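What follows is one structure encoded as structure tokens, with my remarks underneath.
Numbered from 1 within each chain, the chains take letters A, B, ... in sequence-line order. It should be emphasised that the depicted structure is a prediction, and the values quoted were computed from it without experimental measurement.
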Amino acid sequence: MRHLNFPTKKLSLRTMSDKKVRVRFAPSPTGGLHLGGVRTALFNYLFAKKNKGDFILRVEDTDQNRYVEGAEAYIIDCLNWCGIIPDESPVTPGQYAPYRQSERKSIYREYAERLVMQGHAYYAFDTAEELDKNRKEIPNFQYGQVYRDGLRNSLSLPQHEVDQLLADHTPHVIRIKIPADQTVSFTDMIRGRVSFETNQVDDKVLLKADGMPTYHLAVVVDDYLMKISHAFRGEEWLPSAPVHLLLWDYLGWKANMPQWAHLPLILKPDGHGKLSKRDGARLGFPVYAMNWFDAKTGELTPGFRELGFLPEAFVNLLATLGWNDGSDREIFNIDELADKFSIERISKAGAKFDFEKAKWFNAEWIKKVKGERLKVEVRKVLADKGVIIKDDAYLLTVIELIKDRCTLLPDFYQQSAYFFQTPAEYDLNAVKPKWTDEKTDFFNSLAVMLNSVETLVAADLETSFKALAEEKGLKTGDVMLPFRIMLVGGKFGPHVFDIAALLGKDETINRVEKALVAFK
RNA sequence: GGCCCGUUCGUCUAGGGGUUAGGACGUUAGAUUUUCAUUCUAGAAACAGGGGUUCGAUUCCCCUACGGGCUACCA
């Protein structure tokens with residue numbers, strides 16, 4: 001048995017130092033961008049920034065059938081929103097353009113043919129139906145060394161027949177010829193030594209009948225051509241690593257092969273399997289970064305952004321899902337993450353996604369950022385609800401006053417609308433049962449008193465409010481809540497005297513008088 | 001089924017041959033807030049099981065179990 005060993009970590013660390021760090025995020029434009037996808041992009045980006053390298057966005061659109069219009073633009077928007085900006089991409093090409101695999105189509109055949117010439121690949125003429133039949137009838141069927149001789153390919157067919165088939169433009173694919181009895185092993189940056197027996201690996205298609213490469217060929221060719229130094233991808237790719245390793249070897253590029261890092265998967269919160277779009281709908285939280293609208297089905301899949309997440313929080317929660325800096329710290333901005341990032345601290349096991357913790361991150365970030373930072377978002381939230389904001393400085397004061405009580409951006413509506421408009425409804429259950437004529441009298445007097453002051457100052461108002469209550473023989477506590485309901489409409493919000501001061505004298509009096517009518 | 005990867009509180013995780021196994025989310029109780037939220041304090045809560053190795057294993061090794069991934073002319 002032959003052993004095909006790829007550089008150990010130690011060995012390749014040496015090559016790493018003299019090789020510029022270049023990493024790529026390579027999504028396929030088949031729909032919205034999933035949590036796991038954004039995290040893969042993020043880890044790539046953080047690693048690149050940490051090592052003063054380049055972060056490349058490469059679009060893997062080799063599957064014509066699954067291609068979705070608008071998905072690429074959506075992916076770029078997502079990355080922009082998160083602050084994960086590529087150094088090279090289809091829209092900001094560098095010297096390795098083009099960055100869409102569909103536009104690189106002509107490149108791949110040459111390499112596939114080269115492999116055929118060298119005996120590492122072969123033409124296969126089997127139809128999909130024939131293969132389906134085999135898979136159904138033969139247990140554990142694989143297109144590989146055991147069965148390939150009985151199938152229709154350039155290894156099993158006589159040369160003249162192969163020539164004829166090719167001359168006739170018979171639809172065919174090119175498959176890699178996986179060698180027998182070898183052990184392929186390599187060092188994954190996250191998992192350490194990983195090995196595979198080639199007898200278990202099947203002859204994957206490299207070039208499809210339509211002339212497009214499969215992922216397996218394209219990823220190797222492009223990573224080589226684009227001088228990728230470190231390749232991060234989801235753990236679901238681990239089983240196909242031996243195919244890629246063999247290709248790097250056969251193409252003669254072994255010395256340039258990137259170091260691999262297979263990221264742990266993000267799993268469903270409640271049970272089994274990878275997190276998917278369906279789980280979001282089922283469990284009531286988003287799995288996409290931003291809203292995704294499928295023009296074909298008319299289906300809208302909700303995103304974190306539209307639900308009211310700050311990109312700072314989204315990035316933060318993704319980074320700490322499967323990574324930590326070794327301390328108890330959990331809150332980091334993207335620059336701090338880039339500074340602290342290290343592959344050694346990525347965990348090996350998949351992580352179940354916890355939406356409660358995700359919301360906590362957002363609440364922390366809303367508390368952390370300055371009101372100024374939130375202005376645009378809050379303005380939009382309020383505008384969507386028809387709230388008109390005239391005074392910018394007033395808005396800022398309101399935001400600062402209430403942001404500690406908001407978890408998601410839309411919470412700003414319920415927490416702040418009463419600063420901009422008189423309550424339309426009152427929590428009457430909280431006041432009516434205990435309402436008395438004495439209280440009516442108190443608030444009438446309060447209105448008179450308010451009228452006599454120049455401007456409302458929270459502390460002064462509190463003092464005179466309490467004094468008036470005492471004078472009227474009422475407990476402060478008995479009139480505090482009604483006063484709040486008058487101004488706010490409900491049992492929530494900051495200190496009631498702060499609210500009154502912000503609202504101003506006239507509006508406070510106005511609300512007291514209006515509420516008095518409703519409370520009777 | 002085959003192959004590969006993984007396994008510390010419910011969840012995300014720290015730790016690592018001798019620890020009261022630490023933190024965070026959530027949860028429970030209390031304090032503060034004459035509202036609600038914030039904040040603060042305290043509590044419950046974990047090393048999958050079995051064999052080794054060792055004076056000693058949650059930590060190292062093996063097996064089992066369980067979980068996950070892959071097994072397409074999809075990525």
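Among the nucleotides B:U35, B:A75, B:C12, the one closest to any side-chain atom of A:Phe492 is B:U35. Considering only side-chain atoms of A:Arg175, the nucleotide from B:C73, B:G23, B:U35 that sits closest is B:C73. Checked against B:G6, B:U11, B:C4, the side chain of A:Lys348 finds its nearest nucleotide in B:G6. For A:Lys204, whose side chain is taken as the heavy atoms from C-beta onward, the closest listed nucleotide among B:U71, B:U39, B:U34 is B:U71. Out of B:G22, B:A24, B:U13, the shortest distance to the side chain of A:Ser347 is found at B:U13. For A:Val205, taking side-chain heavy atoms from C-beta onward, the closest of the listed nucleotides B:C73, B:G26, B:G6 is B:C73. Closest approach to the A:Asp328 side chain among B:A75, B:G68, B:G22 is made by B:G22 (side chain taken as heavy atoms from C-beta onward). Ranking B:C74, B:U13, B:G10 by closeness to the A:Arg66 side chain, first place goes to B:C74.
Tested against A:Phe314, the residues A:Phe361, A:Phe304, A:Tyr288 include a single ring pair (Phe, Tyr, Trp, His ring centres under 6.0 Å) partner, A:Phe304.
The interatomic distance linking A:Phe196 (CZ) with B:C4 (C1') rounds to 5 Å, in whole Å. As rounded to whole Å, 14 Å separates atom P of B:U13 from atom CG of A:Asn316. The distance from atom CH2 of A:Trp237 to atom P of B:C74 is 11 Å, rounded to the nearest whole Å. Counting to the nearest Å, the P atom of B:A24 and the CG atom of A:Asn324 are 14 Å from each other. B:C4 atom P lies 12 Å from atom CD of A:Gln142, rounded to whole Å.
One finds a side-chain N or O of A:Lys274 lying less than 4.0 angstrom from the OP1 or OP2 phosphate oxygen of B:C70. Within the structure, a side-chain polar atom (N or O) of A:Lys208 is placed less than 4.0 Å from OP1 or OP2 of B:C74. Regarding contacts with the backbone of B:A75, a side-chain N or O of A:Thr62 is found under 4.0 angstrom from either OP1 or OP2. For A:Arg135 and B:A72, the shortest distance from a side-chain N or O to OP1 or OP2 is below 4.0 Å. At least one side-chain nitrogen or oxygen of A:Arg345 sits closer than 4.0 Å to the OP1 or OP2 atom of B:G15. Between A:Lys359 and B:U11, a side-chain N or O to OP1/OP2 separation shorter than 4.0 Å is absent.
Ring geometry for A:Trp237 versus A:His244: interplanar angle of 30 to 60°, hence tilted. In this structure, A:Phe43 and A:Phe341 have tilted ring planes: the angle between them lies in the 30° to 60° band.
Checked by distance alone, A:Asn140 brings no side-chain donor or acceptor within 3.5 Å of a matching partner on the base of B:G2. With hydrogens and angles ignored, a donor-acceptor pair under 3.5 angstrom links the side chain of A:Lys357 to the base of B:A24.
In the model, A:Gln101 has a side-chain atom that pairs as donor or acceptor with a side-chain atom of A:Asp222 under 3.5 Å.
Spacing of C1' atoms, B:G6 relative to B:U19, comes out at 26 Å, to the nearest Å. When the P atom is compared between B:G22 and B:A14, the two are found 15 Å apart, to the nearest whole Å. On the C1' atoms, B:U32 is 13 Å away from B:A37, given to the nearest whole Å. Taking atom C1' on both B:C61 and B:U53, the two are 7 Å apart, rounded to the nearest angstrom. The separation of B:U8 from B:A57, taken at their C1' atoms, amounts to 14 Å, rounded to a whole angstrom.
Remark: B:A48 base-pairs with B:U64; criterion is Watson-Crick or G-U wobble with both hydrogen-bond distances under 3.5 Å. The base-pairing partner of B:U27, taking Watson-Crick or G-U wobble contacts with both distances under 3.5 Å, is B:G43.
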